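Data block below; observations after.
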Amino acid sequence: MELPSRYNPQEVEDNWYKFWEEAGFFRIEPDLKKKPFCIVIPPPNVTGILHMGHALNNTIQDILIRYKRMRGFNSLWIPGTDHAGIATQNVVEKSLAQEGAKRQDLGRDKFIERVWQWKEKYGSTIIQQLKKLGSSCDWQRTRFTMDAGLSEAVLEAFIRLYNKGLIYRGNYIINWCPRCQTALSDEEAPHQEVEGSLYYIKYPLSTRHPLDSARGEQAPGTRQFDYIVVATTRPETMLGDTAVAVNPKDKRYKKLIGKTVVLPMVNREIKIIADTMVDIEFGTGAVKVTPAHDPNDYVLGKKHNLEFINVMHPDGRMNENAGKFNGSDRFKCREEVLEELKRLDLLEKAHPHTHAVGHCYRCHTAIEPYLSRQWFVKMQPLAKPAIKAVKEGKIQFFPARWTKIYLNWMENIQDWCISRQIWWGHRLPVYYCQVCSKQANELTVNSEQFTVNCKLSTVNKKGVIVSREKPIRCPACGSTDIYQDGDVLDTWFSSWLWPFSTMGWPNTGNKQQATGNRQQATGNEPRILKPVACGLEPSDLSYFYPTSVLVTAQEIIFFWVARMIMAGLEFMRDIPFRDVYIHGTVRDLTGKKMSKSLGNIIDPLEIINEFGADALRFSIVSITAVGQDIFLSEEKFHLGRNFCNKLWNASRFILMNLEPGEVRVELCQFFEKEKLDIINRWILSRFYSVLRELNQALDSYRFNEAASLLYQFFWHEFCDWYLEIIKPKVNEQHNQIVMYKVLEKFLRLLHPFMPFVTEEIWQKLPHEGESIMIQTWPHIQNNMVDKKLENQIESIFNLIAQIRNMRSELELKPRQRVKVSVYSHEETKKRLLREKSDLVMNLAGLEVLELLTVSKRPNATISAVVEDMDVYLHFSDLVDIAREQLKIREKIAASARLKEEAERRLNSRDFIKRAPRDIVDKEKERKERLGREVKRLERMLNELQ
RNA sequence: GGGCGCUUAGCUCAGUUGGUUUAGAGUGCUUCCUUGACAUGGAAGAGGUCACAGGUUCAAGUCCUGUAGCGCCCACCA
């Protein structure tokens with residue numbers, strides 16, 4: 001068979017993907033004869049393009065899905081995308097802007113239409129890219145958070161929560177993004193350190209003080225309370241101040257409590273109030289109170305019944321309440337206010353001050369705490385069961401440390417602001433009756449009284465109607481003057497339903513729902529599910545929910561993971577997944593998060609084009625230690641590319657040397673272990689030893705370890721040793737069978753990691769079945785594992801390495817054959833050496849391998865010690881005696897030191913008494929062995945003189 | 001202000017429940033090798049006080065405490 005000496009992924013990957021897809025290998029339906037394994041994809045944004053974070057995330061999921069599939073599970077991976085409200089709206093607005101238009105020019109309906117058009121055109125980009133990566137999702141189940149079904153789920157969830165009293169509307173200070181012009185949740189406004197200034201501003205007192213308010217006339221300090229100084233980082237908000245607050249215990253200001261000051265520039269008279277919330281230590285101990293622009297001040301405002309004055313437009317410009325600053329942008333206004341204060345001599349001082357300011361997670365604009373009417377979800381009742389589920393271990397985090405972080409967040413959870421003032425998203429199922437709104441207060445309507453058009457609806461006393469569909473008339477007053485709330489829901493309000501909305505919730509489709517004893521999808525041997533009720537087809541939900549594992553990044557634990565747990569428990573009465581595997585963040589070499597805006601991305605598609613998807617997958621998984629961030633550079637992908645190539649060439653060697661008759665598949669099923677020679681037994685033993693470790697690694701999400709096991713075994717044991725050893729006798733039947741068998745099985749193990757190249761090679765090998773991806777995972781054959789044999793072979797390898805080392809030191813040419821004499825102090829080793837002398841000769845480049853019957857140094861040799869073997873290399877030209885002696889002396893010293901250490905330990909009573917028996921025994925053996933070694937080396941040294 | 005992670009070879013990083021000949025890998029470096037699997041390769045080699053200081057233990061890279069440096073997350077001190 002002719003194969004190129006270099007593996008070319010571009011030629012094969014797309015073809016195999018198409019083959020798998022067309023063959024329907026990704027299609028999964030509930031099947032009671034099989035145990036389910038299910039993952040729902042963290043839906044990428046429709047606007048998304050594949051970045052390394054996705055590559056890592058989806059490679060891990062695909063490894064799990066393919067692994068479990070081969071282990072006999074009904075292994076389903078549900079894909080989909082997220083409508084990503086703000087992000088998508090931004091993208092479409094940008095393209096509008098290029099046409100010189102704004103969304104307002106189009107109007108809401110036209111704009112939404114435009115977004116859908118955009119989605120149809122570009123929304124599947126990321127899906128195509130996931131396919132390039134090799135993801136074995138069931139694409140026919142692809143969902144989108146704005147699909148009809150998922151929108152239905154959103155409605156259902158909203159209405160249920162509303163009827164339970166867990167959704168409410170209210171006026172609060174929320175995070176407002178002046179650029180996106182929408183409210184944001186706390187999670188969407190992460191704090192960032194900002195270098196700002198703390199300004200100390202004088203607020204003149206308006207009391208009838210004997211020395212009246214001639215500002216600035218007096219030298220400072222002569223009149224203590226001519227004015228009160230407040231400290232602020234946002235001077236522009238002073239225009240909305242409605243009080244100054246001090247701590248009641250603060251002696252400095254005691255006398256001033258209840259007095260008033262004149263707010264500069266605005267000339268509003270505001271009270272000085274007392275509240276323990278004020279920190280005496282900070283600033284001057286007096287704080288300006290702006291109830292409409294600061295969360296703390298809001299609390300004070302409520303408590304002390306202050307006025308709430310909003311001084312800003314939603315776009316961040318000052319409004320008419322700001323007087324002469326009306327129209328200025330908030331930051332420009334800050335400068336202007338400061339100028340004015342300076343002019344009035346009311347700015348006492350300013351000093352640099354770094355503080356944390358929330359920033360919009362979409363556009364990075366500094367958020368403004370802003371008073372507005374929004375919708376919220378009451379979170380504490382939802383958090384309670386979610387805390388319990390994790391505490392009881394029903395959901396497990398990997399690595400476990402995220403448990404604490406999750407619990408800490410859950411226990412301090414704040415209500416969730418879910419309304420967004422954008423257009424793209426799920427419209428709130430909230431309607432207002434104009435008439436009732438006006439009359440307000442008195443109306444109370446019970447949900448049972450609603451008209452047919454208002455199933456599951458409620459109306460509250462403010463004329464608010466929550467309904468699936470627009471009510472024809474108000475259930476309270478009968479008015480038809482009804483309009484829908486303009487807001488849409490937070491994108492995450494649909495995402496948190498994802499694990500069950502993708503499976504058809506709240507409808508279960510046409511299928512009957514089978515309930516009852518569903519078995520846990522943990523452990524590895526798939527057990528057959530008992531059909532619960534005869535003749536009932538299980539629904540997706542009853543069969544696949546809860547899902548098995550969620551694979552995601554730490555950034556969205558709060559956004560998404562925590563909320564899914566709450567939603568699952570609330571709506572499904574069950575956890576959404578059993579395990580949560582949190583992988584690291586992909587960063588560049590300087591530790592910065594890879595992002596397009598920073599320009600430090602490595603494009604996975606370029607890597608795929610250059611090295612292949614397999615190389616990308618294998619590399620990225622190899623360098624991902626559990627829970628650690630990964631620092632990426634392009635060179636790191638050489639690891640996978642080289643491994644791919646190695647696999648390719650080793651397979652090429654085997655394919656070129658396979659005698660078709662010898663490796664008929666059935667022949668390989670029945671070979672007898674006893675008929676195999678020692679090297680074949682060794683490689684099989686190693687294979688199954690590695691398999692055992694591999695299973696353990698995969699079952700505990702240690703993917704890097706799994707990759708490393710495969711790499712080390714294949715490259716450094718199978719290729720470097722095994723293939724080199726059998727090469728001269730590659731035609732012999734036992735070699736044929738074993739090299740074929742190990743390769744074929746190894747390909748299966750590697751398949752979840754490198755699906756394409758393994759399929760390509762597997763198809764070229766003699767095989768049964770359509771595709772490697774639906775083959776079974778090899779079983780561990782314990783009777784094949786022989787640890788003793790593995791050790792013995794390893795010491796033969798050590799001997800060969802030692803001889804090579806000696807040759808190298810003597811600078812012998814590779815072709816130069818030499819004579820080596822070996823004496824083994826161990827009987828089985830002697831036999832082994834005799835049996836495998838050709839092997840040693842071959843691999844160490846020997847002309848003669850003499851097996852000594854007594855341990856005595858032959859003349860004109862240099863010597864070495866390998867375990868229990870004395871090794872002598874005949875080198876008649878010139879033996880540098882002095883150098884030989886030095887080397888042996890060094891070795892003696894090293895061994896003697898180790899021996900002493902062992903002795904010291906064995907002499908310690910505590911060690912003998914407390915250490916376990918086997919450790920003590922091992923130590924004794926070790927001491928004795930080292931003792932023998934020292935003696936042998938000393939003898940060698942003597943013989944040299 | 002709290003919480004978490006990291007510090008091991010020149011570089012990038014593994015090291016699961018503490019157990020020992022010689023602390024591993026990839027990459028880089030040095031020397032040698034292109035006689036048909038692979039130079040994206042093979043052979044040999046150099047290179048480590050496991051951040052520092054204490055402690056627990058018969059035994060510590062591994063557990064505990066503290067210190068330093070780096071990084072991340074959370075938090076309404078204006």
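The chains referred to below are lettered A, B, ... by the order of the sequence lines, with proteins before strands, and numbering in each begins at 1. Model, not experiment: these values are computed from the prediction.
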Tested for salt bridge (charged side-chain N to carboxylate O under 4.0 Å, His left out) against E923(A), the lone hit among R905(A), R917(A), R929(A) is R905(A)
So, is [X] close to the [N] phosphate, meaning a side-chain N or O under 4.0 Å from OP1 or OP2?
X: K922(A); N: U20(B); answer: yes
X: W715(A); N: G26(B); answer: no
X: K727(A); N: A37(B); answer: yes
X: H716(A); N: A43(B); answer: no
X: H353(A); N: A78(B); answer: yes
X: N408(A); N: C74(B); answer: no

Can you tell which of [options] lies closest to the side chain of [X]?
X: R641(A); options: G26(B), G42(B), U40(B); value: U40(B)
X: H191(A); options: C76(B), G42(B), G26(B); value: C76(B)
X: N642(A); options: C73(B), U20(B), G41(B); value: G41(B)
X: Y711(A); options: C38(B), C72(B), G26(B); value: G26(B)
X: E193(A); options: G42(B), U40(B), A75(B); value: A75(B)
X: K404(A); options: G3(B), G26(B), A37(B); value: G3(B)

For [X] and [N], what is the distance between atoms [atom1] and [atom2] respectively, to the nearest whole Å?
X: K646(A); N: G26(B); atom1: NZ; atom2: P; answer: 12 Å
X: E826(A); N: U21(B); atom1: CD; atom2: P; answer: 20 Å
X: E693(A); N: U17(B); atom1: CD; atom2: C1'; answer: 16 Å
X: I919(A); N: A60(B); atom1: CD1; atom2: C1'; answer: 14 Å
X: W409(A); N: C74(B); atom1: CH2; atom2: P; answer: 11 Å
X: K636(A); N: A25(B); atom1: NZ; atom2: C1'; answer: 13 Å
X: N704(A); N: U16(B); atom1: CG; atom2: P; answer: 11 Å
X: L655(A); N: G36(B); atom1: CG; atom2: C1'; answer: 15 Å

To the nearest 0.5 angstrom, please state how far the CD atom of E693(A) sits from the CG atom of N695(A). 10.5 Å
No-H, no-angle donor-acceptor pair, E724(A) side chain to A43(B) base, under 3.5 Å: no
If you go through the side-chain atoms of R905(A), does one of them form a donor-acceptor pair with the base of U20(B) closer than 3.5 Å? yes
Heavy atoms only, 4.0 Å cut-off, all strands: where does [X] land among base, sugar-phosphate and nothing?
X: I912(A); answer: nothing
X: P916(A); answer: base
X: K813(A); answer: sugar-phosphate
X: A356(A); answer: base
X: R6(A); answer: base
X: N805(A); answer: sugar-phosphate
X: Y298(A); answer: nothing
X: R702(A); answer: base
X: R804(A); answer: sugar-phosphate
X: R929(A); answer: base
X: C644(A); answer: nothing
X: S5(A); answer: sugar-phosphate
X: H293(A); answer: nothing
X: N296(A); answer: base

Salt bridge present between [X] and [Y] (N-O < 4.0 angstrom):
X: E933(A); Y: R926(A); result: no
X: K202(A); Y: E348(A); result: no
X: E928(A); Y: K924(A); result: no
X: E724(A); Y: K727(A); result: yes

Separation between the [atom1] atoms of [N] and [M], rounded to whole Å:
N: G48(B); M: C13(B); atom1: C1'; answer: 14 Å
N: A14(B); M: A25(B); atom1: P; answer: 16 Å
N: A68(B); M: A53(B); atom1: C1'; answer: 11 Å
N: U17(B); M: U30(B); atom1: C1'; answer: 41 Å
N: G54(B); M: U62(B); atom1: P; answer: 14 Å
N: C73(B); M: G15(B); atom1: P; answer: 23 Å
N: U65(B); M: G26(B); atom1: C1'; answer: 35 Å
N: C50(B); M: G61(B); atom1: C1'; answer: 5 Å

Paired nucleotide for [N] [Watson-Crick or G-U wobble; both distances under 3.5 Å]:
N: U21(B); answer: none
N: G47(B); answer: none
N: G41(B); answer: C33(B)
N: C72(B); answer: G3(B)
N: U65(B); answer: A53(B)

Closest nucleotide of RNA chain B for I630(A) versus for E933(A): which of these residues is on the 5' side? I630(A)
Between E809(A) and K288(A), which has a closest nucleotide on RNA chain B that is more 5'? E809(A)
Do K302(A) and Y172(A) form a cation-pi contact, if we require the NZ or CZ to be under 6.0 Å from the six-membered ring centre and within 45 degrees of the ring's axis? no
Cation-pi check, R6(A) to W648(A): give yes when NZ or CZ is under 6.0 Å from the six-membered ring centre and within 45° of the ring axis, no otherwise. no
So, H638(A) versus F611(A), ring centres under 6.0 angstrom or not? yes
Do the side chain of R807(A) and the main chain of R817(A) share a donor and acceptor less than 3.5 angstrom apart? no
